[in-house]
There are 2 protein chains.
Amino acid sequence: MANTKETSTNKQNKISIADCNVTYSVQLVGGRWKLPILMQLQKEKKRFGELKKIISNITERMLTLQLRELEKDGLVSRMVYAEVPPRVEYELTKTGKELMPVCKELHKWGAKHKMELSKK
Amino acid sequence: MANTKETSTNKQNKISIADCNVTYSVQLVGGRWKLPILMQLQKEKKRFGELKKIISNITERMLTLQLRELEKDGLVSRMVYAEVPPRVEYELTKTGKELMPVCKELHKWGAKHKMELSKK
DNA sequence: GCCATTACTTACATTTTTGTATGTACCATA
DNA sequence: TATGGTACATACAAAAATGTAAGTAATGGC
């Protein structure tokens, strides 16, 4: 996430593979906590602390990191209110919202797949 | 990929997060080379060597590892012909094929998203 | 006997991701 | 002056994913 070596084969492969829009899309939501975050923001915007409470086991560090990436990638917007103690709200962007129907399809596929696996 | 420590927080989180079918699905195709492989098998089955040739930059090791996981997860089937030199063919399973329409949606979303980003 | 071909395997190194623990700024209130 | 709440940041450690380099088995053809 942080501190990537720009010249590594690893990094170069990651970049070149994202030429494909499917791979690109999956990379955007591939971080461990990104989908859990997006799901929580689906219905309404939420504060940092709310996300932390709802998403069990996530640490503040990971929540921050993943939110920053989602923001950089244009899936989530961040609103800071000049208050003390601070208040920061996160919300899906238009692009983020447009991803939700695709998630629904993934959900369907995953559910069906899990069921079929369990039969064996 | 190989050698995971069963008791690590990391692993435990990975597992618990897959309760959600969306996250579960994304995990199945999340490996670096899995989507490139799946895309290649979309139209027709292919031999190990063909995949290696077509997917530029993939190493034999990574191709093997990712194919093994795709097989274990029921997305790809493996057929070994008792010949020398060996011939092994890989093919999408029913489940794998059913994922393709979802990939198409992801593709659309990714393409649109990329376009919008490039405007800024 | 030697070589070529194919689909791997193995040992190891590097890079990336994730987790742990602790510290910070801000100001209102006690 | 001390305390509490919020949303972080930072240094470090562990784990996981990926990459590199070399080797293997099998057999048909030279």
Side-chain angles (χ1 to χ4, degrees), chain A residues 1-18 23 26-37 45-53 55-69 71 76 78-90, chain B residues 1-17 23 26-37 45-53 55-71 76 78-90:
Chain A
M1 201 139 307
N3 296 345
T4 56
K5 223 180 185 177
E6 295 298 329
T7 56
S8 68
T9 305
N10 189 321
K11 184 75 177 282
Q12 290 305 317
N13 282 341
K14 183 175 179 179
I15 291 172
S16 76
I17 277 172
T23 313
V26 169
Q27 278 183 14
L28 293 189
V29 298
R32 166 79 42 97
W33 302 99
K34 285 185 184 173
L35 280 170
I37 292 171
K45 60 183 167 193
K46 290 212 164 64
R47 296 182 60 171
F48 183 89
E50 294 182 284
L51 288 170
K52 189 184 136 193
K53 233 169 281 175
I55 302 173
S56 53
N57 299 325
I58 197 171
T59 62
E60 298 194 339
R61 174 176 143 77
M62 284 314 293
L63 184 52
T64 304
L65 282 176
Q66 304 268 287
L67 280 169
R68 287 294 136 78
E69 288 209 339
E71 194 192 354
V76 156
R78 180 171 179 260
M79 280 168 299
V80 184
Y81 296 85
E83 302 172 1
V84 169
R87 181 158 64 100
V88 181
E89 288 182 348
Y90 294 92
Chain B
M1 200 137 308
N3 295 343
T4 57
K5 222 180 185 177
E6 294 297 329
T7 57
S8 67
T9 305
N10 189 321
K11 185 75 177 282
Q12 291 305 318
N13 282 340
K14 182 175 180 179
I15 291 170
S16 75
I17 278 172
T23 313
V26 169
Q27 277 182 15
L28 293 188
V29 298
R32 166 79 43 94
W33 303 98
K34 286 185 183 173
L35 280 171
I37 292 171
K45 61 184 167 191
K46 291 212 162 66
R47 296 181 60 171
F48 183 88
E50 294 181 283
L51 288 170
K52 190 184 134 193
K53 233 170 279 174
I55 303 174
S56 51
N57 300 324
I58 197 170
T59 62
E60 297 194 339
R61 174 177 141 76
M62 284 315 294
L63 183 51
T64 304
L65 283 176
Q66 303 268 289
L67 280 169
R68 287 292 137 79
E69 288 209 339
L70 288 169
E71 194 193 355
V76 156
R78 178 169 181 262
M79 280 166 300
V80 184
Y81 296 86
E83 302 172 1
V84 170
R87 180 159 64 101
V88 181
E89 288 181 347
Y90 293 92

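Because the structure is a prediction, the values reported are computed rather than measured. Only heavy atoms go into these numbers, but all of them, side chains included; no hydrogens, no water, no symmetry mates. Numbered from 1 within each chain, the chains take letters A, B, ... in sequence-line order.
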Rounded to whole Å, how long is the line connecting atom CD1 of A:Ile58 with atom C1' of C:dT20?
15 Å
Protein-nucleotide distance (B:Gln12, atom CD; D:dA14, atom P), rounded to Å:
18 Å
Enumerate all atom pairs, one protein N or O and one N or O from nucleotides 5-12 of chain D, separated by less than 3.5 Å.
residue	atom	partner	partner atom	Å
D:dT6	O3'	A:Arg47	NH2	3.0
D:dT6	O3'	A:Pro86	O	2.9
D:dA7	OP1	A:Arg47	NE	2.9
D:dA7	OP1	A:Arg47	NH2	2.9
D:dA7	OP2	A:Gly49	N	2.9
D:dC8	OP1	A:Arg68	NH2	2.8
D:dC8	OP1	A:Arg78	NE	3.4
D:dC8	OP1	A:Arg78	NH2	2.3
D:dC8	OP2	A:Tyr90	OH	2.6
D:dC8	N4	A:Glu60	OE1	2.1
D:dA9	OP1	A:Arg68	NH1	3.3
D:dA9	OP2	A:Arg68	NH1	3.2

Residues A:Trp33, A:Asn57; criterion side chain to side chain contact (heavy atoms under 4.5 Å, CB included); working and verdict:
CA-CA 10 Å; A:Trp33 302 99; A:Asn57 299 325; 4.1 Å; yes
Taking the side chain of A:Lys11 as heavy atoms from C-beta outward, which of C:dT18, C:dT16, D:dT18 is closest to it?
C:dT16
Atom pair distance, as rounded to whole Å: CD1 in B:Ile37 and P in D:dT18:
11 Å
Side chain to side chain contact (heavy atoms under 4.5 Å, CB included) partners of A:Lys53, counting only residues at least two apart:
none
Reading DNA chain D from 5' onward, which residue's closest nucleotide shows up sooner: B:Thr9 or A:Asn13?
B:Thr9
Listed partners of B:Thr59 passing side chain to side chain contact (heavy atoms under 4.5 Å, CB included), at least two apart
B:Arg61, B:Met62
What pairs with B:Asn10 under side chain to side chain donor-acceptor pair (under 3.5 Å), at least two apart in sequence or on another chain?
A:Arg32
What's the CE-P distance between A:Met62 and C:dT17, to the nearest Å?
9 Å
Distance check needed: D:dT18 P versus B:Lys34 NZ, whole Å only.
8 Å
Can you check the B:Ile17 CD1 to D:dA16 C1' distance for me, whole Å?
15 Å
Separation of D:dA26 atom C1' from B:Glu83 atom CD, nearest Å, is 12 Å
All side chain to side chain donor-acceptor pair (under 3.5 Å) counterparts of B:Lys46, not counting sequence neighbours
none
Do any side-chain nitrogens or oxygens of A:Gln66 fall under 4.0 Å of OP1 or OP2 in C:dT18?
yes
Given C:dT18, is OP1 or OP2 found less than 4.0 Å from the side-chain N or O atoms of B:Ser8?
no
Would you say D:dA17 has OP1 or OP2 under 4.0 Å from some side-chain N or O of B:Lys14?
yes
A:Thr9: partners by side chain to side chain contact (heavy atoms under 4.5 Å, CB included), with sequence neighbours left out
A:Asn13
Give a yes or no on whether a salt bridge exists between A:Lys52 and A:Glu50, defined as a side-chain N under 4.0 angstrom from a carboxylate O.
no
Taking OP1 and OP2 of C:dT16, is either one under 4.0 Å from a side-chain nitrogen or oxygen of B:Arg32?
no
Check the distance between C:dA28's P and A:Tyr81's OH and give it to me in whole angstrom.
20 Å
Reckon A:Asn10 has a side-chain N or O less than 4.0 Å from the OP1 or OP2 of D:dA17?
no
